[in-house]
Amino acid sequence: MRFLLDHFKFWCCCLMMIIGLCIPTSSVLADRFSTGAAALTIVTAPTEIKISLGNTANELKFFPNRVQLVTGKKYKLLLSNSSSQKHYFTAMEFASSSWSQKVDAGNVEIKGAIQELELRPSTNAAWVLVPMKPGNYKLRCTIPGHTEAGMTGTIAVAP
């Protein structure tokens with residue numbers, strides 16, 4: 001009986017090694033073998049996208065105001081606010097249809113559901129996420145007067 005157990009363990013270890021060698025490690029292969037679940041793309045490095053909330057001239061705009069993403073691919077949104085006033089990064093429908101891994105802000109890492117990010121003057125945050133549902137999502141700053149002044153945008157998620 002002991003021999004059979006040792007033999008079984010040996011073959012299980014061999015199988016695990018083979019499976020480990022077959023898992024794609026590049027985002028190109030991960031995207032190719034993905035079936036809509038983010039499981040394979042999560043192990044890859046995220047694609048970084050820089051988004052500025054306002055600027056030093058205090059323009060009430062997102063730069064860029066249109067962000068293109070792909071369903072199931074991992075992203076790191078690098079958010080910055082170089083203006084002298086605070087801004088909100090609000091895209092509720094997008095946030096609720098994405099899997100958020102974390103938000104890094106200063107010395108704090110936030111995990112769980114994210115709905116809105118507030119960036120105070122001269123601050124940065126990084127939001128690591130995987131969009132799970134295609135569509136065009138509205139982005140806006142919900143501080144009174146900012147949306148009306150043009151601080152809006154679109155997050156477009158392709159299938």
Side-chain angles (χ1 to χ4, degrees), residues 19-20 22-159:
I19 290 171
C22 292
I23 293 176
T25 56
S26 75
S27 61
V28 172
L29 289 175
D31 288 343
R32 180 173 226 180
F33 290 102
S34 176
T35 58
L40 291 177
T41 57
I42 291 171
V43 297
T44 64
T47 300
E48 293 185 352
I49 298 177
K50 294 180 180 181
I51 303 171
S52 296
L53 287 71
N55 59 17
T56 54
N58 284 319
E59 290 182 84
L60 298 176
K61 295 182 180 179
F62 290 101
F63 301 95
N65 67 351
R66 182 169 176 83
V67 179
Q68 299 272 132
L69 308 176
V70 176
T71 304
K73 190 172 179 181
K74 189 174 183 180
Y75 293 93
K76 184 179 205 176
L77 302 183
L78 300 170
L79 307 172
S80 65
N81 179 6
S82 59
S83 75
S84 62
Q85 53 189 317
K86 72 179 178 180
H87 294 295
Y88 293 161
F89 186 90
T90 307
M92 297 289 221
E93 290 180 35
F94 169 73
S96 66
S97 66
S98 297
W99 175 79
S100 292
Q101 180 181 359
K102 66 179 178 175
V103 172
D104 283 322
N107 292 327
V108 177
E109 183 175 296
I110 303 149
K111 297 184 184 273
I114 306 299
Q115 292 188 0
E116 178 176 66
L117 298 173
E118 176 185 318
L119 274 78
R120 294 184 181 103
S122 303
T123 58
N124 300 303
W127 184 7
V128 180
L129 59 89
V130 177
M132 302 303 290
K133 183 179 171 187
N136 289 312
Y137 300 96
K138 293 180 182 178
L139 169 64
R140 64 192 189 109
C141 177
T142 57
I143 293 175
H146 289 206
T147 298
E148 297 77 13
M151 197 162 188
T152 62
T154 303
I155 300 174
V157 180

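Start at 1 with the first residue, then count along the sequence.
With rounding to the nearest 0.5 angstrom, the NE2 atom of His146 is 10.0 Å from the CZ atom of Phe62. Here OG1 of Thr71 is found 8.5 Å from CE of Met132. Values are rounded to the nearest 0.5 Å. Atom CH2 of Trp99 sits about 9.0 Å away from atom CG of Leu129, to the nearest 0.5 Å. Note that OG of Ser83 is 14.0 Å distant from NZ of Lys61, once rounded to the nearest 0.5 Å. Taken from NZ in Lys138 to OG1 in Thr90, the straight-line distance is 13.5 Å, to the nearest 0.5 Å. A distance of 10.5 Å separates CG of Leu119 from CD1 of Ile51, quoted to the nearest 0.5 Å.
Asn55 meets the side-chain hydrogen bond (donor to acceptor under 3.5 Å, both in side chains) test with Glu59; sequence neighbours excluded. Taking the side-chain hydrogen bond (donor to acceptor under 3.5 Å, both in side chains) definition, one finds that Glu109 meets it with Lys111, sequence neighbours left out. Listed by chain and number, the residues in a side-chain hydrogen bond (donor to acceptor under 3.5 Å, both in side chains) with Asn58 are Ser84 (sequence neighbours excluded). Considering only residues two or more places apart in sequence or on other chains, Gln68 meets the side-chain hydrogen bond (donor to acceptor under 3.5 Å, both in side chains) condition with Arg66.
The shortest distance between side-chain heavy atoms of Glu118 and Arg120 falls below 4.5 Å. In this structure, Ser97 and Tyr137 have side chains that are in contact, with non-hydrogen atoms separated by less than 4.5 Å. Contact of the Leu139 side chain with the Phe94 side chain is not registered, since no non-hydrogen atoms from C-beta on lie closer than 4.5 Å. At least one side-chain heavy atom of Ile49 sits less than 4.5 Å from a side-chain heavy atom of Leu69.
Scanning both residues, Val130 and Lys74, for their nearest heavy atoms gives CG2-CA, 3.9 Å. For the residue pair Thr147 and Arg140, the shortest heavy atom distance occurs at OG1-NH1, 3.6 Å. What you find for His87 and Gln85 is that their closest heavy atoms are CD2-O, 3.5 Å.
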Distance-only criterion, 3.5 Å: show the donor-acceptor pairs between side-chain atoms of residues 148-158 and protein atoms not counting sequence neighbours.
unit_1	atom_1	unit_2	atom_2	d
Glu148	OE1	Gly145	N	3.0

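Between Lys50 and Glu48, none of the side-chain N atoms (NZ, or NE/NH1/NH2) sits under 4.0 Å from a carboxylate O, so this pair counts as no salt bridge.
Sorted by first then second residue, the side chain to side chain donor-acceptor pair (under 3.5 Å) pairs that include residues 123-136, not counting sequence neighbours, are Ser100-Trp127.
Residues Tyr75 and Ser98 have side chains that never bring a donor and an acceptor to within less than 3.5 angstrom of each other.
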